[in-house]
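I have placed the structure first, in the form of structure tokens, so that the comments after it can refer back to it.
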Amino acid sequence: MTLHTAKRILVTGGAGFLGSHLCERLLGDGHDVLCVDNYFTGTKNNIVHLMDNPHFELLRHDITFPLYVEVDEIYNLACPASPIHYQHDPVQTTKTCVHGAINMLGLAKRVRAKIFQASTSEVYGDPEVHPQTESYWGHVNPTGLRSCYDEGKRCAETLFFDYYRQHKLRIKVGRIFNTYGPRMHPNDGRVVSNFIMQALQNQPITIYGDGSQTRSFCYVDNLIEAFVRLMDTDDDFLGPVNLGNPAEFTIKELAEKVVEMTGSKSELVYKPLPADDPMQRKPDITLAREKMGWEPDVQLKDGLVKTIGYFKGLL
Ligand code: NAD
Ligand code: UDP
């Protein structure tokens, strides 16, 4: 006989792009989900379909302030993720990363919850090692426009490991590479949402720089599977572990693909490259394969079909 293993799970940033998919998944797995969000970049529209579920609870709260709840697991996703959003109020971004992590780690310590941190490939900065492995310490500008996010997330990782060493917390740190899919914010300035929105409206496709910079794009469903698997690994596996799809594309290739798939009349236009924009990014996912038996299987083309469908619905 198997015992019912429903857990009380807190998802911070649960009304955002990734958070809303995670809440949906955890409810589907039979858990009780507490979604905490201050709606800075997230929206109730992302989770409105979950609100009738008695196992789903929603709390408007800013994680830079302490939170007192009783839970078994915490997924800490709260933080604006797109450059225009996290640069809008950089001091608040650092506070969310650092004070937010301290508050959520403090909560985990009090209730002895297991805690996952949504870290990022940005901890590698503009990497000199390619593809990026977890042992690479990164090449990050500490004083630039992206630093509030990059250094904030690096400090959050430090805090997680210190809480592990000092307080024996059960921690899981996942370094997320560029992820896309339905419920991305249409105006968040990220490359996939920008290109699709521009293509669907026959507006110029804005390529920053010459478009030779690369990114590796993971479809959201694959990433959410990785979150859940990472949380379920043995307590002695802490990460950091890269979570992303190693298939690498230039930004120009992505633009051409989106134009072709939408049948758009848009032209490609070239704009200046933003400061500290990484030239290349591709995860080495050997560790995730080994420890979690995880491998993303959604091809860019298939993921784009679903994402384009979502944005069409919005227009
Ligand atoms: P998102 O902006 O859609 O979601 C972030 C959510 O956090 C939003 O709902 C926002 O309102 C909420 N939030 C922000 N500050 C908060 C605060 N102080 N208190 C409470 N809620 C707050 O972004 P996303 O793409 O879903 O990213 C989720 C997490 O994953 C972030 O931590 C991000 O850094 C990380 N990540 C995402 C990607 C990606 O490609 N999507 C890549 C690397 C890392
Ligand atoms: N980018 C672009 N045109 C856009 C938006 C982004 O060429 O309209 C580029 C951007 O300069 C970067 C890449 O696409 O090189 C990915 O940008 P995004 O903001 O999505 O994520 P990040 O830089 O954080 O990986």
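Note that the coordinates shown come from a computational prediction; the quantities given were computed from them, not determined experimentally. Order of appearance sets the numbers: ligands from 1, and atoms from 1 within every ligand.
Looking at Leu77 and Phe227, their side chains come closer than 4.5 Å, going by heavy atoms from C-beta outward. Counting heavy atoms from C-beta on, the side chains of Pro80 and Thr93 come closer than 4.5 Å.
Contact annotation: Gly100 has no heavy atom less than 4.0 Å from any atom of ligand 1. The shortest separation from a heavy atom of Arg190 to ligand 1 is under 4.0 Å, placing the residue in contact. Under a 4.0 Å heavy-atom criterion, Leu77 is in contact with ligand 1. Using 4.0 Å as the threshold, Arg175 has no heavy atom nearer than that to any atom of ligand 1.
Heavy-atom contacts of Tyr39 reach the following atoms of ligand 1: 11 (O) (cutoff under 4.0 Å). Which parts of ligand 1 touch Thr96 is read off a 4.0 Å heavy-atom cut-off, strictly below it: atoms 15 (N), 18 (N). Contact atoms of ligand 1 toward Gln92: 18 (N) (distance under 4.0 Å to a heavy atom of the residue). The contact set between ligand 2 and Arg281, taken as ligand atoms under 4.0 Å from a residue heavy atom, comprises 22 (P), 25 (O). The Lys153 neighbourhood of ligand 1 comprises atoms 31 (C), 32 (O), 33 (C), 34 (O), with distances under 4.0 Å to a heavy atom of that residue. Shown in contact with Arg190 at under 4.0 Å from a heavy atom are these atoms of ligand 2, numbered in order with element: 19 (O), 20 (O). Under a 4.0 Å criterion applied to the non-hydrogen atoms of Asn194, ligand 2 contributes the atoms 4 (C), 5 (C), 8 (O).
The closest non-hydrogen atom to atom 6 (C) of ligand 1, taken over Gly244, Ser119, Gly13, comes from Gly13. Taking only non-hydrogen atoms, the option from Asp150, Asp276, Ile251, Asp188 nearest to atom 13 (C) of ligand 2 is Ile251.
Neither the backbone nor the side chain of Met184 has a heavy atom within less than 4.0 Å of ligand 1. The proximity of Glu122 to ligand 1, defined as any non-hydrogen pair under 4.0 Å, does not occur for either the backbone or the side chain. Counting heavy atoms closer than 4.0 Å to ligand 1, residue Asp62 contributes atoms from both its backbone and its side chain.
At the top of the distance list for atom 13 (N) of ligand 1, counting protein heavy atoms only, stands Asn38 OD1, 3.3 Å. Nearest protein neighbour of atom 11 (O) of ligand 1, counting heavy atoms only, is Asp37 OD1, 2.6 Å. Protein heavy atom nearest atom 23 (O) of ligand 1, with residue, atom name and distance: Ala81 CB, 3.5 Å. With hydrogens left out, the protein atom closest to atom 8 (C) of ligand 1 is Thr41 OG1, 3.1 Å, a heavy atom. Atom 4 (O) of ligand 1 has as its closest protein heavy atom Gly16 CA, 3.5 Å. The nearest protein atom to atom 19 (N) of ligand 1, hydrogens excluded, is given as Ile63 N, 3.0 Å; this is a heavy-atom distance. The single protein non-hydrogen atom nearest to atom 26 (O) of ligand 1 is Leu18 N, 2.8 Å, given as residue, atom name and distance. The protein heavy-atom contact nearest to atom 35 (C) of ligand 1 is Ile176 CD1, 4.0 Å.
Geometrically, ligand 1 and Tyr149 share a nitrogen or oxygen pair separated by less than 3.5 Å. Between Arg215 and ligand 2, at least one pair of N/O atoms sits closer than 3.5 Å. Checking only distances, Gln198 never comes within under 3.5 Å of ligand 2, N or O to N or O. Looking at ligand 1, you won't find any N or O of Gly19 less than 3.5 Å from one of its N or O atoms. When only interatomic distances are considered, the shortest N/O to N/O separation between Thr120 and ligand 1 does not fall below 3.5 Å. Polar contact check, Phe17 against ligand 1: a nitrogen or oxygen pair lies under 3.5 Å apart. The shortest N or O to N or O distance between Leu273 and ligand 2 is not below 3.5 Å.
Put simply, the residue from Arg8, Lys7, Arg112 that forms a salt bridge (charged side-chain N to carboxylate O under 4.0 Å, His left out) with Glu73 is Lys7.
In summary, Glu157 and Lys153 do not engage in a salt bridge, as defined by a charged side-chain N under 4.0 Å from a carboxylate O.
Ring pair Tyr124/Phe177 is tilted by interplanar angle, where 30° to 60° counts as tilted.
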